[in-house]
Each structure stands twice: as C-alpha cells, then as structure tokens.
Number of protein chains: 2
Amino acid sequence: MRRHEDGQRPKSYHHGDLRNALIQAGLELLSEGGAATLDLRKVARRAGVSHSAPYRHFTDKQALIAAINEEEYYRLSERIQAARREVPDDGVIAQLHAIAHAYVHFAVENPWLMREMFSGLTVRREAFADLHAASKLAFKQYEEVIRRGQEQGIIVEGFSGALAGVFWSLLHGVAMLIIEDQMHPYADGPEGVDLMVRTSMQTLYNGIGRKIL
Amino acid sequence: MRRHEDGQRPKSYHHGDLRNALIQAGLELLSEGGAATLDLRKVARRAGVSHSAPYRHFTDKQALIAAINEEEYYRLSERIQAARREVPDDGVIAQLHAIAHAYVHFAVENPWLMREMFSGLTVRREAFADLHAASKLAFKQYEEVIRRGQEQGIIVEGFSGALAGVFWSLLHGVAMLIIEDQMHPYADGPEGVDLMVRTSMQTLYNGIGRKIL
DNA sequence: ACCTGAACACCGTTCAAGT
DNA sequence: ACCTGAACACCGTTCAAGT
C-alpha cells in the first residue's frame, strides 16, 4: 500500500511519514490477532519512534484502529469494484455472484481485519465520520447492480435499497460465519467456501420455496 | 437467571456460588460494552471477593467470557425454540419467519453480547469445547425446520444442511448489520427492523429473480 | 478446598522538556 | 512542529500465605 516508487526505503520515518508508518505497522499487528495484539507501544517500536510519538498523530489507540479500518473499507470496496468489472454489464446475476465471491474471499484472507471492521467491539463508529462513510461505499455498489437488474427485468421490482440490504446481509452472514468456523462441515476448505457462495447465490435468485410446475 | 427460590439472597458468595456470581457480574459488564468494559478486578469486586479469587474458578479472563458466551448461546437457542413452538408444526414458512424474528430481536436487545458471541475477537473458540457445542444448538433447529419443509414439499430439495446454512447466514447478516447500524436507513427503529426481517424472509422464499408469467 | 494480599510485568495515556 | 523520557493509573496474572 505504501508508495515508494523511488525504490529507496526512507532512512527514517521522522520526516512526515510517521502517520502512514504507524498505520502500516498497526495493520500488520491487527492482521495477526485483532486489537488485542495491537499495542501502541509495539506499533511505535516498529515505526522506530518513542511510545508517545503516536499521540501526535492519533488521539488514542481507537483512533489508529479506526484509520486502519477505514483503509480496509476502501480496499474491500475496490476489490468489489474490480470483481464487477470482470463481468459484462448485462450479466447482473454474474456480477452479484462475482461480488459475493470477492466479499467472502476478502473475509477468508483477512479474518482479523474483517472482524475488527464489523465487530463493533473496538471502535465506536459514531465518532469517526470518515470511517462511517467508507463503510458505505460497498453498499452503494450492491444497490447499483440490483437497480440495473431491475431495469433489465431480471430482478423483481421493489425497493432496491432493501433488496441490496438483503443481498449484503446474506453475503455478510456467509462470510462471518465461515471465518468463525460456524459453517463446518458445510464450508470447509476452498471448495467448501465456493460451494457455499454458489448455494447462497442460487438460493438468493430462486428462493427456497418449491415452485409448483 | 440465578435461582434463589427460597427468597433470601445469599449473605455471602463465599459458599460455593462464586462461579455463578462471577458469571452474573461479568454478564452485566459484558452487556454494557463488551470485553473492554469487563475487567476481572471489577467483576471480583461486584461479587464481593478479592481480585485473585476468580482465578480459582476460571483460568483467565477469556475463560470467564467463554462461560458467559456459552450461557448466552443456550439462551438464544431457547428463544428460538420458544418462537418455533408458537407456530403450528405444519407452518414451516411461518416457523422460519418466527425464528428470524427471534434471532434478530435477540441481537437488537443484546448487541454487546451478540458481538462477543460471534466476533471471534475475544475468545479462541477452539479452546472451549462446550462453548463450541453450545454455538451449534441453534443451527440444528434451522436444519430440522428446513428438513420438515422439504418433507412437506414446501421447500426445494437439496442438502438441508447447506440450505440451513444459507438461512442462518441471511439471519445473521441482517442481525449483525442492523446492530452495527449499517442498514441505515432501511432498518431504523422497531418497524424498520421488522420490515427488514420480513423482506429477508420474503426474498429467501421467493428469490430476487423475476419469474416470467 | 477456597480465598487474601503483596508483587510483577505490561500497557494506555499524559506532560514537561528537548530539538 | 514534532519527538523523547519519566511518570501515573490501571489491569491481568501469579504465588506464598492464611483459614
């Protein structure tokens, strides 16, 4: 994520890049075990500054984690956008599937980050407006795709926002329950995960109700 | 939850009830703000013992929270069972709806407990076999109802476990995203929550795919 | 068997002082 | 403007000692 295109790593962070260095170091620790393994003193040590230096850039530990979460919401949103672009615009159902795949795989690859982003245990979201805005980026994409599907007559009429909410909820549930190992043995291993995603999307499209022929 | 049907509250907890007293005091703190607001010394103080007494009953803070989570899984499972019983056995769709309602409302009423139970941030579930078993109780109920629906020809054929997983994922996603305030403005207030639950169940049954008449 | 109190290590945070 | 180092309060955990 850091951009040092000149090739030479900075000799010292004490020159204005500290904020990003702290985010980077914090991200590594968060990825290993969540907020419990991220202690500010260790973050400072990794960035090569004293333990009180971070307070110049973040009011407290929570604020650092909020900043990291914010970056990760951007990253998730970009992943989803990339997934959509791989599918032609008229393939709305395929796009929903691609989004689901991207979302769940982001979670599987970054379980600790995902937990921190959505647990609500560490960061009081109300206090961080940018964070809250970032967390909404992905939702807008779901709504766009749903709306396009409705225009094309592929998806049922109705409030696109609410349908997007249902779509997201299903995705989110699948992702979180998989990383908490609650879907065992139905979503074990990479193939199991993909099967679960496919079953979910299948069900979302057709419903579980048996149609009388 | 504690049972003191004799009417007289125990004069002191130092007589074998300490374990439950700690769980009870811990539950109160957990409900206020999760593991961050539960400190073991405060728990001990509330139970009227020294700060090292809890270690006689729980190996560490995590073990106490695991025990609380376990009790809450039972409580959630019981709530779901109660919801099912309010609906006649042939009303499979109505039962799924009742389960969804109960699940989401449990979450809305106990957001901090729900976060702790499912975040994976505080307790390493692998280390607590009973906890893991307790977390599976509700799932079995989903599967039962789905299977009955299949027998009655109301629900599509297929692996009932996977379908139950899809059902749970949808429920869980709705519940968690609502308590994290991510469904705003589609699930605000009690009516908003109920609307979201109804839309979810509607969609689960019929699917979002537009059926050609 | 169960609980107490002193003690230790560690962390978040603050603040006066340095460059 | 930005960083340092000492200092404080607080918490999880341990352990020798008490009843």
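Labels below follow one simple rule: chain letters A, B, ... track the order of the sequence lines, proteins then strands, and each chain is numbered from 1. All figures in this text were calculated on a predicted structure; none of them were measured in a lab.
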Taking salt bridge (charged side-chain N to carboxylate O under 4.0 Å, His left out) as the test, write out the residues that go with Arg85(A), two or more places apart.
none
Hey, could you give me each pair passing salt bridge (charged side-chain N to carboxylate O under 4.0 Å, His left out) that has a residue in residues 49-69 of chain A? Not counting sequence neighbours.
none
Which pairs pass salt bridge (charged side-chain N to carboxylate O under 4.0 Å, His left out) with one or both residues in residues 116-128 of chain A, sequence neighbours excluded?
Arg125(A)-Glu180(B)
Quick one: which protein N/O atoms are closer than 3.5 Å to N/O atoms of nucleotides 12-19 of chain C? Pair and distance per line, please.
from: dG12(C); atom 1: OP1; to: Leu40(A); atom 2: N; distance (Å): 3.3
from: dG12(C); atom 1: OP1; to: Lys61(A); atom 2: NZ; distance (Å): 3.2
from: dG12(C); atom 1: OP2; to: Leu40(A); atom 2: N; distance (Å): 2.8
from: dG12(C); atom 1: OP2; to: Arg41(A); atom 2: N; distance (Å): 3.4
from: dG12(C); atom 1: N7; to: Arg41(A); atom 2: NH1; distance (Å): 2.5
from: dG12(C); atom 1: O6; to: Arg41(A); atom 2: NH1; distance (Å): 2.9
from: dT13(C); atom 1: OP2; to: Tyr55(A); atom 2: OH; distance (Å): 3.1
from: dT13(C); atom 1: OP2; to: Lys61(A); atom 2: N; distance (Å): 3.0
from: dT13(C); atom 1: O5'; to: Tyr55(A); atom 2: OH; distance (Å): 3.4
from: dT13(C); atom 1: O4; to: Arg41(A); atom 2: NH1; distance (Å): 3.3
from: dT13(C); atom 1: O4; to: His51(A); atom 2: NE2; distance (Å): 3.4

Residues passing the side-chain contact (heavy atoms from CB on, under 4.5 Å) test with Tyr205(A), sequence neighbours excluded, are Ile93(A), Ile154(A), Ile208(B)
Residues Glu72(A) and Arg75(A) bridged, charged N to O under 4.0 Å:
yes
Just distance, no hydrogens or angles: give the donor-acceptor pairs under 3.5 Å from side chains in residues 127-140 of chain A, sequence neighbours left out.
from: Ser135(A); atom 1: OG; to: His132(A); atom 2: O; distance (Å): 2.7
from: Ser135(A); atom 1: OG; to: Gln182(B); atom 2: OE1; distance (Å): 3.4
from: Lys136(A); atom 1: NZ; to: His184(B); atom 2: O; distance (Å): 3.1

List in chain and number order the residues that pass salt bridge (charged side-chain N to carboxylate O under 4.0 Å, His left out) with Glu70(A), two or more places apart in sequence or in another chain; answer none if no residue qualifies.
none
Using Watson-Crick or G-U wobble pairs with both distances under 3.5 Å, give me DNA chain C in dot-bracket, 5' to 3', with [ ] for crossers and | for pairs to another strand.
||.|||||...|||||.||
Sequence neighbours excluded, which residues qualify as salt bridge (charged side-chain N to carboxylate O under 4.0 Å, His left out) partners of Arg41(A)?
none
Under the ring-ring contact (aromatic ring centres under 6.0 Å, His included) definition, can you give me all pairs with a residue in residues 57-83 of chain B, not counting sequence neighbours?
Tyr73(B)-Phe118(B)
Numerically ordered, the residues 115-131 of chain B set in heavy-atom contact under 4.0 Å with DNA chain D is none
Rounded to whole Å, CZ of Arg45(A) lies from P of dG5(D) at a distance of 14 Å
Per the side-chain hydrogen bond (donor to acceptor under 3.5 Å, both in side chains) rule, what does the pair list look like for residues 163-173 of chain A, sequence neighbours excluded?
Tyr103(A)-Trp168(A), Tyr103(A)-His172(A)
Taking atom C1' of dC3(C) as reference, at what distance in whole Å does atom CZ of Arg19(B) sit?
17 Å
